[in-house]
Amino acid sequence: MQFSVSNAELTQKVAEKLAKALHAGDVILLDGDLGAGKTTFTKGLARGLGIRKNVKSPTFTLIREYHEGRLPLYHMDVYRLEETGGDDLGLEEYFNGDGVSVVEWSQFVEDDLPKEFLIVHFIKDETDDDKRTLVFEPRGKRYEEMLKIFE
Ligand code: ADP
Ligand code: MG
């Protein structure tokens, strides 16, 4: 499943819709280069969960938690773990927790990821700075189910 979006607000709108289908324990991986729109997408997810606080990139803190919405949101950016992996971070507790986990740069904690998740690929356009293609790839039944929200 994929969407072509022509600006940041539309990326957030797609995420906001997906948020309606989220359950406790869901894991969403966001794959794309710096500036591709991963954090922007997470802002939309937060909005869809009813989180009013401004979602900021957790590049330096690695993890930010938001507890005011329909479900807790655990937003992780593990870019800084490229060298070390995620062994010491207790990621599993987040993935198995009561909230929704969203992970930027998940390839750096590959060994710690659950077997099933939704991965969203962000592909930039060569000519239009504001255009992205969002490709949703479900791994596992739960995530196929989740994407029915877009039908
Ligand atoms: P990442 O977290 O992937 O590094 P960010 O979401 O922090 O990326 O930054 C994406 C930047 O690109 C933001 O400044 C955003 O406004 C801009 N942008 C422009 N068009 C889009 C789009 N269609 N989707 C998402 N972001 C977009
Ligand atoms: Mg980011």
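Both counts, for ligands and for their atoms, begin at 1 and track the order of listing.
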Any Asp77 heavy atom less than 4.0 Å from ligand 1: no

Contact check, Ala36 vs ligand 1, heavy-atom distance below 4.0 Å: yes

For [X] versus [Y], what's the shortest heavy-atom pair and its separation?
{"X": "Met146", "Y": "Leu118", "answer": "SD-CD2, 4.0 Å"}
{"X": "Phe136", "Y": "Val14", "answer": "CZ-CG1, 3.7 Å"}
{"X": "Arg132", "Y": "Ala36", "answer": "NE-O, 2.6 Å"}

Closest approach of any protein heavy atom to [atom], naming residue and atom:
{"atom": "atom 13 (C) of ligand 1", "answer": "Thr40 OG1, 3.9 Å"}
{"atom": "atom 23 (N) of ligand 1", "answer": "Asp130 O, 2.8 Å"}
{"atom": "atom 16 (O) of ligand 1", "answer": "Ala8 CB, 3.6 Å"}
{"atom": "atom 4 (O) of ligand 1", "answer": "Gly35 N, 2.7 Å"}
{"atom": "atom 17 (C) of ligand 1", "answer": "Arg132 NH2, 3.9 Å"}
{"atom": "atom 25 (C) of ligand 1", "answer": "Thr11 OG1, 3.5 Å"}

Atom 8 (O) of ligand 1 protein-contacted (non-hydrogen atom, under 4.0 angstrom): yes

Between CZ on residue Phe117 and OG on residue Ser106, distance to nearest 0.5 Å: 7.0 Å

Distance in Å, Thr61 OG1 paired with Asp77 CG, rounded so as to fall on 0.5 Å steps: 8.0 Å

Validation row, ring centre Phe3 to ring centre Phe150 under 6.0 Å: yes

The Mg ion (ligand 2) reached by Glu104 (N, O or S, under 2.8 Å): yes

The Mg ion (ligand 2) reached by Thr39 (N, O or S, under 2.8 Å): yes

Proximal atoms of ligand 1 relative to Asp33 (non-hydrogen, under 4.0 Å): 3 (O)

Close N or O approach (Gly37, ligand 1; < 3.5 Å): yes

Polar atom proximity, Lys131 to ligand 1 (N or O, under 3.5 Å): no

Ion pair check, Glu16 and Arg47, cut-off under 4.0 Å: yes

Side-chain H-bond candidate by donor/acceptor type, Gln12 with Thr40, under 3.5 Å: no

Donor-acceptor side-chain pairing of Glu65 and His75 below 3.5 angstrom: no

Side-chain donor or acceptor of Tyr143 paired with backbone N/O of Asp26 under 3.5 Å: no

For ligand 1, the portion of Leu10 having any non-hydrogen atom under 4.0 Å away: neither

Per-residue contact class, Asn7 against ligand 1 - non-hydrogen pairs under 4.0 Å: backbone

